[in-house]
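Treat the numbers as computed from the prediction; the structure is a model and nothing was measured. Values reported hereafter were calculated over all heavy atoms of this structure, with side chains retained and with hydrogens, waters and symmetry mates removed.
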Amino acid sequence: MTVPPAAPGSDSPDHRPAHEQPQDGPPPYGQPAQGRPDDAQPQEGTQPHGYQQPQGYGRQQENSQPQEYSQPQGYGQPQSYAPQQGQQGYAPVEHERRREPEPESEEQRRIRSALADVRTEVAKSVVGQDAAVTGLVIALLCRGHVLLEGVPGVAKTLLTRTLGATLELEMKRVQFTPDLMPGDVTGSLVYDARTAEFSFREGPVFTNLMLADEINRTPPKTQASLLEAMEERQVSVDGDPRPLPDPFMVIATQNPVEYEGTYPLPEAQLDRFLLKLLLPLPERTDEIEVLNRHAHKFDPRDLAGAGVGKVAGPADLEAARADVANVEVGPQVLAYIVDVCRATRTSPSLSLGVSPRGATALLATARAWAWMSGRRYVTPDDVKALAHPTLRHRVQLRAEAELEGITAESVLDGILGSVPVPR
């Protein structure tokens with residue numbers, strides 16, 4: 001059979017109209033690529049045997065949504081990713097067939113087991129705060145900072161001291177007061193009369209774990225002195241940047257905002273905290289156990305006497321961070337994280353939603369929790385488990401919503417219940 005010649009001015013023998021001819025390039029977003037294997041996408045929504053959601057994190061309520069947030073306004077309908085007129089469409093990059101993760105080595109299993117033992121070791125001095133200990137370990141794995149909120153006397157300081165002892169990390173404490181100056185935190189130049197020169201005297205921020213106790217009792221100027229240290233991991237004095245030790249984490253404690261003499265933290269500083277953990281009053285049985293320990297000569301200043309010892313070190317922590325970075329996150333889970341964060345920006349009761357920094361924080365914490373759970377991939381349940389501690393301090397309620405008794409927790413519950421979960 002003879003192939004007919006091409007039409008004049010045509011480089012192709014295909015006589016189909018232009019709009020019917022195959023187009024080059026990847027398919028539009030949302031359409032499957034031709035020839036792509038069915039098992040290229042990781043299976044989402046599955047949980048390994050023994051997986052448990054951390055208590056006190058997500059509090060996802062089954063078949064129960066706040067009445068005000070059964071469906072946030074302007075959200076919940078399937079979103080179209082088709083480009084508008086004048087915009088260039090987004091096409092996903094072709095992914096290779098998912099490779100089976102390499103089996104864990106004995107060293108990797110040992111490091112995970114050692115970090116899991118931190119919770120057991122901290123429990124020798126602190127009773128009933130397992131969820132907070134898990135959150136602190138996740139923050140260390142993600143190189144983030146933590147905001148602890150609770151009434152005075154719930155062992156916030158003891159918790160930080162014990163964590164430093166179990167991981168062999170240096171810990172310094174600063175009591176924030178209304179007259180505290182920024183130089184008291186970061187350090188300052190001191191004149192030396194013997195050499196007739198100025199020398200830099202390091203502040204307490206030069207440590208591994210810095211406990212900023214009652215951070216919301218100091219004016220905003222001093223609070224802002226921590227911003228560079230938290231974000232850039234350095235302190236600039238007289239134009240000279242000075243790097244901070246690694247690892248470095250700020251654990252700031254604050255009393256509830258309703259307490260007298262507190263200054264609300266600025267939004268820019270709140271967004272720098274990876275997690276906000278709530279330390280509630282202990283249960284009756286836990287409080288009895290606290291008194292029982294003190295009755296048997298427990299001294300919170302003598303951690304060695306309480307049996308607290310080292311279970312891991314900075315080298316183990318660095319190796320664990322590198323392992324967490326290899327945890328896989330599928331495109332559907334990435335889209336789910338974005339949808340959850342975007343829903344906070346359209347909620348009718350929020351004046352401030354989650355920023356892109358908050359979305360990346362939720363990705364990092366979900367990855368760390370998946371690794372701690374013994375998995376090499378992230379599921380939507382990991383995102384739900386860490387949504388509350390990662391996002392609760394990044395949203396701001398409208399005044400009328402606060403008057404109606406709505407809380408940030410109920411808003412997040414409603415959003416997690418309304419955003420479609422990938423399967």
Is the side chain of [X] donor-acceptor paired with the backbone N or O of [Y] at a distance under 3.5 Å, no angle test?
X: Ser418; Y: Gly414; value: yes
X: Thr344; Y: Cys341; value: yes
X: Gln108; Y: Ser105; value: yes
X: Thr222; Y: Thr218; value: no
X: Arg112; Y: Trp371; value: yes
X: Ser113; Y: Arg109; value: no
X: Arg367; Y: Tyr377; value: no
X: Arg242; Y: Val235; value: no
X: Arg392; Y: Glu409; value: no
X: Thr160; Y: Lys156; value: yes

Does [X] reach the side chain of [Y], with side-chain heavy atoms less than 4.5 Å apart?
X: Ile251; Y: Leu159; value: no
X: Glu231; Y: Gln269; value: no
X: Val146; Y: Leu148; value: yes
X: Leu147; Y: Gln254; value: yes
X: Asp382; Y: Arg375; value: yes
X: Leu141; Y: Met372; value: yes
X: Arg293; Y: Val127; value: yes
X: Ser125; Y: Leu303; value: yes

In Å, rounded to the nearest 0.5 Å, how long is the span from [atom1] of [X] to [atom2] of [Y]?
X: Leu274; Y: Ile138; atom1: CG; atom2: CD1; result: 9.0 Å
X: Thr166; Y: Asp117; atom1: OG1; atom2: CG; result: 10.0 Å
X: Leu136; Y: Gln129; atom1: CG; atom2: CD; result: 10.0 Å
X: Phe273; Y: Thr390; atom1: CZ; atom2: OG1; result: 14.0 Å
X: Leu403; Y: Arg398; atom1: CG; atom2: CZ; result: 13.5 Å
X: Ile415; Y: Asp339; atom1: CD1; atom2: CG; result: 11.5 Å

Determine the minimum heavy-atom distance between [X] and [Y], stating which atoms define it.
X: Ser410; Y: Ile406; answer: OG-CG2, 3.4 Å
X: Leu277; Y: Pro389; answer: CD2-CB, 4.0 Å
X: Val354; Y: Ala359; answer: CG1-N, 4.0 Å
X: His145; Y: Met230; answer: NE2-O, 2.9 Å
X: Val421; Y: Pro380; answer: CG1-CB, 3.6 Å
X: Glu228; Y: Ser236; answer: OE2-OG, 2.6 Å

Return the set of residues passing side chain to side chain contact (heavy atoms under 4.5 Å, CB included) with [X] (not counting sequence neighbours), or none when no residue passes.
X: Leu334; value: Val329, Leu363
X: Ala364; value: Cys142
X: Glu402; value: Leu397

Under 3.5 Å, sequence neighbours excluded: what are the donor-acceptor pairs made by side chains of residues 176-194?
| from | atom 1 | to | atom 2 | distance (Å) |
| --- | --- | --- | --- | --- |
| Thr177 | OG1 | Asp179 | OD1 | 2.6 |
| Asp184 | OD2 | Met181 | N | 3.0 |
| Thr186 | OG1 | Pro182 | O | 3.3 |
| Asp192 | OD1 | Arg194 | N | 3.1 |

Output all residues satisfying salt bridge (charged side-chain N to carboxylate O under 4.0 Å, His left out) with [X], sequence neighbours left out; order by chain, then residue number.
X: Arg394; result: Asp271
X: Arg161; result: none
X: Asp299; result: Arg301

| field | Residues that His393 engages under ring-ring contact (aromatic ring centres under 6.0 Å, His included), provided they are two or more places apart | value | none
Taking the basic N atoms (NZ, or NE/NH1/NH2) and the acidic carboxylate oxygens, is any pair closer than 4.0 Å for [X] and [Y]?
X: Glu328; Y: Arg376; result: no
X: Arg143; Y: Glu318; result: yes
X: Glu287; Y: Arg284; result: no

Can you give the donor-acceptor pairs under 3.5 Å from side chains of residues 204-214 to other protein atoms, not counting sequence neighbours?
| from | atom 1 | to | atom 2 | distance (Å) |
| --- | --- | --- | --- | --- |
| Thr207 | OG1 | Glu170 | O | 3.1 |
| Asn208 | OD1 | Glu170 | N | 3.0 |
| Asn208 | ND2 | Pro247 | O | 2.8 |
| Asp213 | OD1 | Thr253 | OG1 | 2.6 |
| Asp213 | OD2 | Thr157 | OG1 | 3.4 |
| Asp213 | OD2 | Arg173 | NE | 3.2 |
| Asp213 | OD2 | Arg173 | NH2 | 2.9 |
| Glu214 | OE1 | Gln175 | NE2 | 2.7 |
| Glu214 | OE2 | Arg217 | NE | 3.4 |
| Glu214 | OE2 | Asn255 | ND2 | 3.0 |

| request: For side-chain contact (heavy atoms from CB on, under 4.5 Å), just list the numbers for Thr379 and Val333, CA-CA rounded to whole Å, side-chain angles, deciding distance to a tenth of an Å, and then say yes or no. | output: CA-CA 7 Å; Thr379 69; Val333 177; 6.0 Å; no
| request: Would you sort out whether Val137 and Leu167 count as a side-chain contact (heavy atoms from CB on, under 4.5 Å), showing the intermediate values? | output: CA-CA 10 Å; Val137 175; Leu167 295 176; 5.6 Å; no
In residues 307-316, what donor-acceptor pairs under 3.5 Å come from side-chain atoms, sequence neighbours left out?
| from | atom 1 | to | atom 2 | distance (Å) |
| --- | --- | --- | --- | --- |
| Lys310 | NZ | Glu168 | OE1 | 2.9 |
| Asp316 | OD1 | Arg110 | NH2 | 2.9 |
| Asp316 | OD2 | Gly313 | N | 3.2 |

| said: Strictly by ring-ring contact (aromatic ring centres under 6.0 Å, His included), give each pair with a member in residues 297-349 just once, sequence neighbours left out. | reply: His294-Phe298
| said: Could you work out, with side chain to side chain donor-acceptor pair (under 3.5 Å) as the rule, every residue matching Ser351, not counting sequence neighbours? | reply: none
| task | Check the surroundings of atom CD in Glu283: do more than 12 heavy atoms from other residues, nucleotides or ligands lie under 6.0 Å from it? | result | no
